[in-house]
Amino acid sequence: MKNQELASIFSAMAAYLEMDEIPFKPQAYEKAALILENLPVDVEEIYKREGEKGLQKIPGIGKRIANKIVEYLHTGKIKEYEKMRKKMPVKINELMKVEGLGPKMIKELYQHLKITNLEQLEKAAQEGKIRNLPRFGLKTEQNILQGIQFVKRSRGRFLLSEALPLAEGIIASLKKLPQIDKIVIAGSLRRRKETIGDIDLLATIKPDYPQGAKKVMNTFVNLPGIIKVWDYGLTKSSVRFKKKIDVDLRVVKADEFGSALQYFTGSKEHNIATRKIAISKGLKLNEYGVFRKIRGKWKKIAGATEEEVYQAIGLPYIEPELRTNRGEIEAALQGKLPRIIKYNEIRGDLHNHSSWDGGKNSIREMAEAARLMGYEYIGITDHTKFLRIEHGLDEKQLLDQHKEIEKLNAEFKKQKINFRILHGCEANILNDGSLDIEDKVLAQLDYVIAGVHSRFKMKKEEMTQRIIRAIKNPYVKIISHPTGRLINRRDAYPLDIDKILNAALETNTALEINACPERLDLNDINIRKAVEKGVKLAIDTDSHEKTHLQYIHYGIAQARRGWATPKDIINSWPLPKLLRFFQKK
DNA sequence: GCCGTTTTCGGCCCGACTGTTTTCAGTCG
C-alpha cells in the first residue's frame with residue numbers, strides 16, 4: 001500500500017507550506033495526509049480501477065492532490081515535494097515528533113544552526129546553542145531535550161493499533177496457503193502490551209506437505225510492503241515492513257506448537273518463573289516441550305498445546321494478558337486466578353461523540369453501529385462548551401440533544417428494539433475542579449463523564465484536588481482518561497492515584513479505561529490498583545466516528561492486563577444494573 | 001488546496017497554554 005508513504009509526504013508538505021506562512025494549503029495537505037493514513041483501501045487500487053477521477057471522489061482529495069498521487073504512483077516522486085526538500089533538506093516528520101516543535105521552529109533551527117535531524121538537534125541542545133536563538137530560551141531548550149528523550153524511547157516501539165492490523169493482515173495472507181496448518185500471533189502482541197517492539201508469528205505446517213515450510217517462508221518474505229529481509233530460513237524468517245516494523249515468522253513442529261507458543265509469548269519474566277516451577281517438580285520446560293527424566297533420559301510429556309504445557313507443570317492455563325510475572329504464577333498456584341473479562345462481554349459503550357460536537361456520525365448512526373455490534377446501549381457524551389474548538393455544547397444545546405435522544409429511544413421502543421441510547425456529556429474539569437456546565441442541566445442527563453482537557457502542567461497535589469472535586473460532583477459518574485497520558489508522546493500528569501481511587505470508591509464514581517490506542521488510560525498498573533480497591537471501571541472507546549467503536553477490544557485487553565473481571569466493569573453489566581449504579585451516587 | 005441545502009467564489013475550528021516577551025508567536029487539540 002502506498003497510502004502511508006503518500007500520507008507522510010503530504011504531511012511533510014503541509015509543514016513546508018506552514019513554514020512559508022502560506023494560508024489554508026497546509027490544512028488541506030494535512031487533511032489529505034490524515035485521510036490517506038486511515039483509508040482502508042489502497043489508493044493504487046482505486047487509481048487502477050477508477051483513474052484519477054476515482055481518487056477525487058475521496059473526501060479531502062481534490063484535483064491537485066489527486067494529480068500528485070498519480071505522479072507518485074507513476075514516478076515514485078512528487079516534484080513539488082522534491083523542490084521543497086532541496087530548499088530545506090530537513091527530516092521534517094522526524095523533527096515534528098518532538099513535542100512542542102513545529103514548522104516555524106524547525107525552520108529557525110535550520111537557518112541558524114543547520115539542524116536537519118534529531119541527532120543534530122540533540123547535540124545543539126546539549127551544547128546550549130538553542131537557548132541563544134531569537135525567541136528561544138533555556139526552557140525551550142530543555143523542553144526540546146525532554147521531547148527528544150520521548151521520541152528516542154518510543155523509537156522502535158509501536159502502538160498496539162499499528163502492529164495488530166499488520167499482524168492480522170499477514171496472517172490472513174498466509175492462511176490462504178494450503179500448506180499452513182496453524183498460524184498465530186505470539187510475543188508481546190499476543191499479550192496485548194500497549195507498545196510492541198516487533199511482531200512474532202508462529203506457524204505449523206500440515207503433515208501432508210513435507211516441503212510446506214519452504215513455500216510458506218517463500219511467500220512470507222515476498223509479501224507486499226516488505227522493505228528488507230533480515231533472515232530467510234525454513235524454521236525462521238525475519239523481515240522489515242514499512243514504518244520499520246520487524247516481523248519474525250517461525251515454523252515449528254505440530255507437537256511443539258504449544259510449548260513454542262508459550263515460550264514465544266513470554267513475557268521473559270513469566271517464562272523464567274514457569275521454568276523454575278518445572279525445575280522444582282523435576283521437570284524441564286523449554287520451547288520444545290515439557291520433559292521428565294526417566295532412567296536418566298529426558299522424555300517429553302507435553303508440548304502440543306499451551307493448556308497441556310501448563311497442566312504438565314501443575315498450573316491452570318494462564319491468559320496471555322496476565323503473563324507478566326506480577327503475581328499471576330502465585331495466583332495460579334493457589335487457584336486464585338481472576339476470571340478476567342472476556343472480549344465479548346461488553347454490553348455498551350459509554351463514551352462517544354456525535355456530529356453535534358463535530359464527530360463524524362449522527363446519534364442515530366452511532367446507535368445503529370452499536371446495535372450491529374450486539375450492544376444493548378450506547379452513551380452519547382459530546383464535549384461541552386469550554387472546548388470551543390471541539391464544538392462543545394452549551395446548556396441549551398444539551399437540552400435540545402436530550403429531546404433528539406428521547407425521540408430515538410421512543411422509536412426503538414415502538415419497534416420493540418431492545419436498545420437504549422443514554423444521554424450524557426463529557427464535561428470539562430476546569431482549573432479549580434468545577435465543571436463547565438450548570439448542575440441543573442447535568443441533573444437532567446442519564447450520567448456525566450468529566451475529564452481534564454486543559455492545563456496539564458499542574459502540581460501533583462493541585463491536579464489531584466482538581467480531579468477529586470470533579471469526582472465529588474454528584475452528577476459525575478465517570479472520569480474520562482484519568483491520567484491524561486498519550487503513549488509515546490505525553491506523560492501522565494502528576495497525580496496521586498491512590499487519593500483519586502479512594503475518592504472514586506467513596507463516591508461510587510467509575511474511572512475510565514479509555515480504549516483509544518494512543519491513550520489506553522488508565523494503564524494496567526492503575527487498573528489493577530482500582531480492581532484491588534473495588535473501584536468500578538468503564539471501558540470506553542471515546543469514539544468520534546462509528547468505526548472507532550471497534551477499538552473497544554484495545555480497552556478490553558488493557559482491562560484484562562489489569563486483572564479486571566466483569567464485576568469491575570460497569571459497561572459489561574445489563575442496563576438496569578448500570579442505571580442502579582449511576583443512581584447510587 | 002478543498003468544498004458546496006449560502007456550489008464555481010469565498011470561506012476555511014479558534015481558544016488555551018507556554019515561553020518568550022512586555023504584546024505576541026508558535027504549538028496543540
Side-chain angles (χ1 to χ4, degrees), chain A residues 6 9-11 13-36 52-53 55-71 78 80-81 84 92 95-109 111 125 130-147 150 353 355-360 382-394 426 428-432 436 451-458 462-463 480-481 484-486 489-491 493 514 516 518-519 542 544:
Chain A
L6 280 159
I9 290 175
F10 287 144
S11 154
M13 288 179 80
Y16 277 123
L17 292 163
E18 188 86 53
M19 285 178 188
D20 292 340
E21 313 221 345
I22 294 166
F24 305 113
K25 278 199 200 184
Q27 290 90 313
Y29 274 93
E30 198 55 62
K31 194 178 165 196
L34 205 69
I35 282 160
L36 285 174
E52 203 169 328
K53 283 272 176 289
L55 295 173
Q56 286 184 45
K57 279 192 211 152
I58 306 168
I61 310 287
K63 207 171 163 187
R64 312 292 295 272
I65 290 189
N67 198 266
K68 291 190 172 64
I69 295 175
V70 172
E71 185 189 347
I78 294 173
E80 198 177 325
Y81 174 55
M84 290 166 156
I92 229 167
L95 291 170
M96 293 269 286
K97 279 195 195 130
V98 178
E99 186 87 347
L101 261 200
K104 303 281 174 63
M105 290 167 88
I106 292 172
K107 186 180 181 183
E108 291 287 312
L109 289 165
Q111 288 179 336
I130 289 175
R131 67 185 79 164
N132 300 322
L133 259 43
R135 300 205 62 81
F136 286 68
L138 183 61
K139 203 68 193 273
T140 308
E141 188 174 88
Q142 287 167 344
N143 282 344
I144 286 175
L145 274 174
Q146 208 191 359
F150 249 102
H353 298 268
S355 50
W356 281 67
D357 78 355
K360 200 170 169 187
D382 283 329
H383 284 295
T384 50
K385 63 187 178 188
F386 176 83
L387 279 187
R388 293 282 293 281
I389 188 115
E390 300 272 7
H391 304 95
L393 276 50
D394 61 21
E426 186 185 17
N428 297 293
I429 304 178
L430 303 176
N431 293 351
D432 63 354
D436 62 339
V452 170
H453 294 99
S454 60
R455 271 296 299 281
F456 298 121
K457 290 189 176 174
M458 269 187 172
E462 203 184 350
M463 186 59 105
S480 57
H481 37 73
R485 67 129 172 211
L486 293 174
R489 280 179 56 203
R490 182 173 79 200
D491 269 328
Y493 30 75
N514 192 295
C516 175
E518 293 96 50
R519 288 194 183 269
D542 201 347
H544 287 66

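Remember, it's a predicted structure, so these values are computed and weren't measured experimentally. Convention: sequence-line order gives letters A, B, ...; per-chain numbering from 1.
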For [N] versus [M], give the span between their [atom1] atoms, rounded off to a whole number of Å.
{"N": "B:dA16", "M": "B:dG10", "atom1": "P", "value": "31 Å"}
{"N": "B:dT6", "M": "B:dG11", "atom1": "P", "value": "15 Å"}
{"N": "B:dC2", "M": "B:dC13", "atom1": "P", "value": "15 Å"}
{"N": "B:dG19", "M": "B:dT8", "atom1": "P", "value": "47 Å"}
{"N": "B:dC28", "M": "B:dT20", "atom1": "P", "value": "15 Å"}
{"N": "B:dT18", "M": "B:dT23", "atom1": "C1'", "value": "15 Å"}
{"N": "B:dT21", "M": "B:dT27", "atom1": "P", "value": "16 Å"}
{"N": "B:dC12", "M": "B:dT5", "atom1": "P", "value": "16 Å"}

Looking at [Y], is its backbone amide N or carbonyl O close enough to the side chain of [X] to form a donor-acceptor pair, meaning the two atoms are under 3.5 Å apart?
{"X": "A:Asn514", "Y": "A:Cys516", "result": "yes"}
{"X": "A:Glu141", "Y": "A:Arg131", "result": "yes"}
{"X": "A:Asp436", "Y": "A:Phe386", "result": "yes"}
{"X": "A:Glu18", "Y": "A:Pro26", "result": "no"}

**Prompt:** Which residue lies toward the 5' end of DNA chain B, A:Arg519 or A:Ile58, if each is placed at its nearest nucleotide?
**Reply:** A:Ile58
**Complete:** Note: for A:Met96 and A:Ala28 on DNA chain B, the residue whose nearest nucleotide lies more 5' is A:Ala28
**Message:** Would you call the rings of A:His383 and A:His453 parallel, tilted or perpendicular, taking 30° and 60° as the class edges?
**Reply:** perpendicular
**Message:** For A:Phe456 and A:Tyr493, take the angle between the two ring planes, folded into 0 to 90°, and tell me which bin it lands in: parallel under 30, tilted 30 to 60, perpendicular over 60.
**Reply:** parallel
**Message:** If you count heavy atoms of other groups shown closer than 6.0 angstrom to CZ of A:Arg64, is the number above 12?
**Reply:** no
**Request:** State whether the number of non-hydrogen atoms from other residues, nucleotides or ligands found under 6.0 Å of A:Lys104 atom NZ is greater than 12.
**Result:** yes
Nearest-Å distance, [atom1] ([X]) to [atom2] ([N])?
{"X": "A:Ile69", "N": "B:dG1", "atom1": "CD1", "atom2": "P", "answer": "13 Å"}
{"X": "A:Leu430", "N": "B:dA16", "atom1": "CG", "atom2": "C1'", "answer": "12 Å"}
{"X": "A:Lys107", "N": "B:dG26", "atom1": "NZ", "atom2": "P", "answer": "9 Å"}
{"X": "A:His453", "N": "B:dC14", "atom1": "NE2", "atom2": "C1'", "answer": "17 Å"}

Could you check whether [X] gets within reach of a base, just the sugar-phosphate, or nothing at all, counting any heavy atom under 4.0 Å?
{"X": "A:Lys68", "result": "sugar-phosphate"}
{"X": "A:Lys31", "result": "nothing"}
{"X": "A:Ile35", "result": "nothing"}

**Message:** Taking the basic N atoms (NZ, or NE/NH1/NH2) and the acidic carboxylate oxygens, is any pair closer than 4.0 Å for A:Glu52 and A:Lys63?
**Reply:** no
**Request:** Determine, for A:Lys68 against A:Glu80, whether the closest basic-nitrogen to carboxylate-oxygen distance falls under 4.0 angstrom.
**Result:** yes
Quick one: which protein N/O atoms are closer than 3.5 Å to N/O atoms of nucleotides 6-12 of chain B? Pair and distance per line, please.
none

**Complete:** Pairing partner of B:dT8, by Watson-Crick or G-U wobble and under 3.5 Å for both distances, is none
**Request:** Take nucleotides 17-25 of chain B nucleotide by nucleotide from the 5' end and write B, S or -, depending on whether a protein heavy atom sits under 4.0 Å from the base, only from the sugar-phosphate, or from neither.
**Result:** SSBS---BS
